[in-house]
Amino acid sequence: QVQLRESGGGLVQPGGSLRLSCEASVRTFATDGMGWFRQAPGKEREFVAAIRWNGVSTYYSNSVNGRFTISRDNAGNTMYLQMNSLNPEDTAVYSCPADSQYSTFLDHNAPDYWGQGTQVTVSS
């Protein structure tokens with residue numbers, strides 16, 4: 001069983017930046033792929049970004065590409081999402097899922113393991 005814990009959410013002004021972190025309880029095959037999803041009130045959950053365990057392969061949604069950067073540490077247990085040029089449309093609960101296969105994210109399937117989420121609010 002993989003446990004995931006997000007942190008780093010908060011309130012930020014439009015145009016500002018925020019960095020989210022996601023810590024996995026273990027680095028096993030179960031976390032070959034990790035990523036970020038978000039869900040705004042009244043909207044469906046939306047894919048944001050994904051990264052493979054080696055940190056080389058990354059994948060972004062069109063809505064955040066060029067503004068957000070996903071990365072993970074060398075041990076592979078902690079993942080980050082650097083968010084720049086934030087706008088109110090980025091307001092949502094951000095969750096970090098993990099899966100034994102990175103391709104799960106590329107195929108737009110639901111990953112196996114999920115964190116509780118962290119709130120990001122972009123407002124002046």
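Just so we're clear, the structure is a prediction, and the values are computed from it rather than from any experiment. Start at 1 with the first residue, then count along the sequence.
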Do the ring planes of Phe47 and Phe105 sit parallel (below 30°), tilted (30 to 60°) or perpendicular (above 60°)? tilted
Taking every non-hydrogen atom, the tightest pair across [X] and [Y]:
X      : Y      : answer
Pro14  : Ser124 : CD-N, 3.7 Å
Ala40  : Ala92  : N-CB, 3.8 Å
Ser100 : Asp112 : OG-OD2, 4.5 Å
Asp99  : Pro111 : OD2-CA, 3.4 Å
Arg45  : Ala110 : NH2-CB, 4.5 Å

Test side-chain contact (heavy atoms from CB on, under 4.5 Å) applied to Ser95 and Arg38, step by step: CA-CA 6 Å; Ser95 300; Arg38 67 186 182 185; over 6 Å; no
Worked verdict on Arg67 versus Asp90 for side-chain contact (heavy atoms from CB on, under 4.5 Å): CA-CA 11 Å; Arg67 298 188 298 123; Asp90 295 314; 2.8 Å; yes
Report yes if the side chains of [X] and [Y] come closer than 4.5 Å at any heavy-atom pair, otherwise no.
X      : Y      : value
Val93  : Thr118 : no
Gln82  : Ser17  : yes
Val120 : Val122 : yes
Phe68  : Leu86  : yes
Asn84  : Arg19  : no
Val64  : Met83  : no

Is there a donor-acceptor pair under 3.5 Å between the side chain of [X] and the backbone N or O of [Y]?
X     : Y     : value
Asn87 : Glu89 : yes
Asp73 : Thr78 : yes
Tyr94 : Glu6  : no

Answer yes or no: are there more than 12 heavy-atom neighbours, outside Gln3 itself, under 6.0 Å from its atom CD? no
Rounded distance (nearest 0.5 Å) linking atom SG of Cys22 with atom CZ of Arg5: 10.0 Å
Mind checking the OG-CD1 spacing from Ser57 to Ile70? Nearest 0.5 Å is all I need. 11.5 Å
Would you say Leu106 ends up clustered with Phe37 if hydrophobic residues are merged whenever their side chains have heavy atoms under 4.5 Å apart, either directly or through other cluster members? yes
Determine, step by step, whether Met34 and Leu4 satisfy the side-chain contact (heavy atoms from CB on, under 4.5 Å) criterion, reporting the C-alpha distance in whole Å, the side-chain angles of both residues, the deciding distance to 0.1 Å, and the verdict. CA-CA 10 Å; Met34 295 181 72; Leu4 301 158; 4.0 Å; yes
Both conditions, 6.0 Å and 45 degrees, for the charged tip of Arg72 above the ring of Trp36: are they met here? no
Can you list everything that forms a side chain to side chain contact (heavy atoms under 4.5 Å, CB included) with Thr121? Sequence neighbours excluded, please. Leu11, Thr91, Gln119, Ser123
With a 6.0 Å cut-off on the ring centroids, do Tyr102 and Tyr59 count as close? no
Audit row: Val48, Tyr60, side-chain contact (heavy atoms from CB on, under 4.5 Å) steps and yes/no: CA-CA 6 Å; Val48 175; Tyr60 296 93; over 6 Å; no
The side-chain contact (heavy atoms from CB on, under 4.5 Å) partner of Ile51 among Thr69, Leu81, Thr58 is Thr58
Pairs meeting criterion salt bridge (charged side-chain N to carboxylate O under 4.0 Å, His left out) with involvement of residues 47-59, two or more places apart: Asp32-Arg52
So, Glu46 and Ser63: side-chain donor and acceptor under 3.5 Å apart, yes or no? yes
